[in-house]
Amino acid sequence: MSEAGYEKALAYLNLYTNYERELRYPYDGWSMNIERVRLLLDELGAPDKSLSVVHIAGTKGKGSTAVMIEAAARAAGYKTGLFTSPHLLEYRERIRIDYQPVEKAAVAAWVERLMPAAEKVHSRPKLGKLTYFEILTALALAVFAEARVDLAVLETGLGGRFDATNVCDPLASVLTPVSLDHTDILGDTLEEIASEKAMIIKPGKPAVIAPQTRGVYAVFASRAREVGAEQIRVADVYSWKTIEESATGQKIRLAGRRVIEDLFIPLPGEPQAINAAVAAATLDVLEDKGFSISDGRIKKGMASISWPARFQRVSRDPDVILDGAHNASSAGYLRDTLSRLYGGKKIIAVLGLGGDKDVEGFCRELGPALDRAVITKSRAMKAVPAGAISSYLAEFGVECKATDAVAAAMEEALAQACPDSIIVVTGSFYVISEAMEWFAQKV
């Protein structure tokens, strides 16, 4: 398959409505319609029905938890599929087999097969038009089925109830920590948001639940009782403790059904230790379903993780950190990690936020850690105006400067840096993506 075939496939995918790039968009059973996803998959031979799936929803930690589960299963000798979003540099990052991005030829071939199937769906106007994410989900499931993966790990795109990935019937559902995000769509309380994510809990299938607030636990418990699903609260079955931590990762001790000493994950920060415990509890469920994944394979797999933009150090002198924090909760964790690992350093942020984000909450949490901020925006996103961000950061004495491009923001941050500075790029994966492109051009 030629490069032209792949580019043609991408052009076709881009014809569909991509809500990831919209500032405001509908969240309902019409705009995001699982019935039409089901029909599309059936036209493709129902590839999802041949897959063993772990399905993950939550506000933060979905991708990291997915990667940990995938890495451990792969280290144990299983062929894996991984579906995550968004991508940072290339679309194929979203769909991986044994952690390798899907081949361009497979994308081109499957899009050709998808086109007539999509037309059949569109011949039923009452179902509405397929979206970009719905097409991607079907593509991923088809690729995984054709590759005969032993385990497919799927991350939801948004919410859970109407998300295209919710078409699957998983071996286990995983709920990572819930915090306030997409409040204009999912609800403005944790309980309302949780009620949308709870809908990935399926009848009779275990639900692995990360540490949550009391109210969120209650929402998940209600859904689990309603459908007869076992609840596995990770905080009840595992403890976790960070033994050592640096900018390149941490060693933790997990104790529960498994006791794993000196488990190294190349991802620093308390949330990643929690994600590791959630992953371990999920792997326990998989063992009960017939998978064989030893403690040693878990250690080997998790140590091998490469998961960009999660407190990722990409340069030295000065240290440059990429971190995808984009809501108040994750900004608070980023602040705490910076304090532990870089206490006493002057921190310069290259910062851009999507227009639908809680700017005040984000700045309230991260602002106390910053000395300076270069406020910017990506080419792809509708951004919060620089003035809005700088006004909130000014309350913490943060000196701010605005640029219209990420490349210019990186140059400005480096110009401001001194020997005791570090630079952290955060607020949006789109901003981080363009910072990564800038670094690639500099090498």
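Only heavy atoms go into these numbers, but all of them, side chains included; no hydrogens, no water, no symmetry mates.
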Quick one: does any side-chain atom of Ser433 pair with a main-chain N or O of Phe429 as donor and acceptor, under 3.5 Å? no
Ignoring hydrogens and geometry, is there a side-chain-to-backbone donor-acceptor pair from Asp358 to Asn327 under 3.5 Å? no
For [X], give me all partners under side chain to side chain donor-acceptor pair (under 3.5 Å), at least two apart in sequence or on another chain.
X	result
Thr403	Thr376
Glu437	Arg379
Glu146	Trp110

Between Leu127 and His122, is a side chain to side chain contact (heavy atoms under 4.5 Å, CB included) present by the stated rule, with each step listed? CA-CA 7 Å; Leu127 291 178; His122 292 156; over 6 Å; no
What side-chain donor-acceptor pairs closer than 3.5 Å can you find for residues 201-209, not counting sequence neighbours?
{"unit_1": "Lys202", "atom_1": "NZ", "unit_2": "Asn166", "atom_2": "O", "d": "3.1"}
{"unit_1": "Lys202", "atom_1": "NZ", "unit_2": "Asn166", "atom_2": "OD1", "d": "3.3"}
{"unit_1": "Lys202", "atom_1": "NZ", "unit_2": "Cys168", "atom_2": "O", "d": "2.5"}
{"unit_1": "Lys205", "atom_1": "NZ", "unit_2": "Asp169", "atom_2": "OD1", "d": "3.0"}
{"unit_1": "Lys205", "atom_1": "NZ", "unit_2": "Asp169", "atom_2": "OD2", "d": "3.2"}
{"unit_1": "Lys205", "atom_1": "NZ", "unit_2": "Pro170", "atom_2": "O", "d": "3.4"}

Do Arg96 and Tyr99 form a cation-pi contact, if we require the NZ or CZ to be under 6.0 Å from the six-membered ring centre and within 45 degrees of the ring's axis? yes
Salt bridge (Lys or Arg N to Asp or Glu O under 4.0 Å) partners of [X], counting only residues at least two apart:
X	value
Asp48	Arg38
Asp288	Arg257
Glu93	none

Using the side chain to side chain contact (heavy atoms under 4.5 Å, CB included) criterion, which residues pair with Thr213? Sequence neighbours excluded. Leu190, Val216
Distance-only check: which donor-acceptor pairs under 3.5 Å involve side-chain atoms of residues 268-276, not counting sequence neighbours?
{"unit_1": "Gln272", "atom_1": "OE1", "unit_2": "Ser64", "atom_2": "OG", "d": "3.4"}
{"unit_1": "Gln272", "atom_1": "OE1", "unit_2": "Asn275", "atom_2": "ND2", "d": "3.0"}
{"unit_1": "Gln272", "atom_1": "NE2", "unit_2": "Ser64", "atom_2": "OG", "d": "3.2"}
{"unit_1": "Asn275", "atom_1": "OD1", "unit_2": "Thr65", "atom_2": "OG1", "d": "3.4"}
{"unit_1": "Asn275", "atom_1": "ND2", "unit_2": "Pro271", "atom_2": "O", "d": "3.3"}

Tabulate below the donor-acceptor pairs under 3.5 Å that side-chain atoms of residues 229-237 make, not counting sequence neighbours, or state none.
none

pair Leu40-Leu114: side-chain heavy atoms closer than 4.5 Å: yes
Closest non-hydrogen atom pair, Phe362 against Ala325: CE1-O, 3.5 Å
Let me check something: any side-chain donor-acceptor pairs from residues 290-306 under 3.5 Å, sequence neighbours excluded? List them with distances.
{"unit_1": "Ser294", "atom_1": "OG", "unit_2": "Arg297", "atom_2": "N", "d": "3.2"}
{"unit_1": "Asp295", "atom_1": "OD1", "unit_2": "Arg258", "atom_2": "NH1", "d": "2.8"}
{"unit_1": "Lys299", "atom_1": "NZ", "unit_2": "Glu261", "atom_2": "O", "d": "2.9"}
{"unit_1": "Ser304", "atom_1": "OG", "unit_2": "Gly301", "atom_2": "O", "d": "2.6"}

Result of checking Arg94, Arg92, His87 against Glu90 for side chain to side chain donor-acceptor pair (under 3.5 Å): Arg92
Does anything in residues 70-86 pair up under salt bridge (charged side-chain N to carboxylate O under 4.0 Å, His left out), and if so which pairs, sequence neighbours excluded? Glu70-Arg74
Working note: Ile69 + Ile56, criterion side chain to side chain contact (heavy atoms under 4.5 Å, CB included); need CA distance, chi angles, decisive distance, verdict. CA-CA 11 Å; Ile69 295 167; Ile56 305 177; 4.1 Å; yes
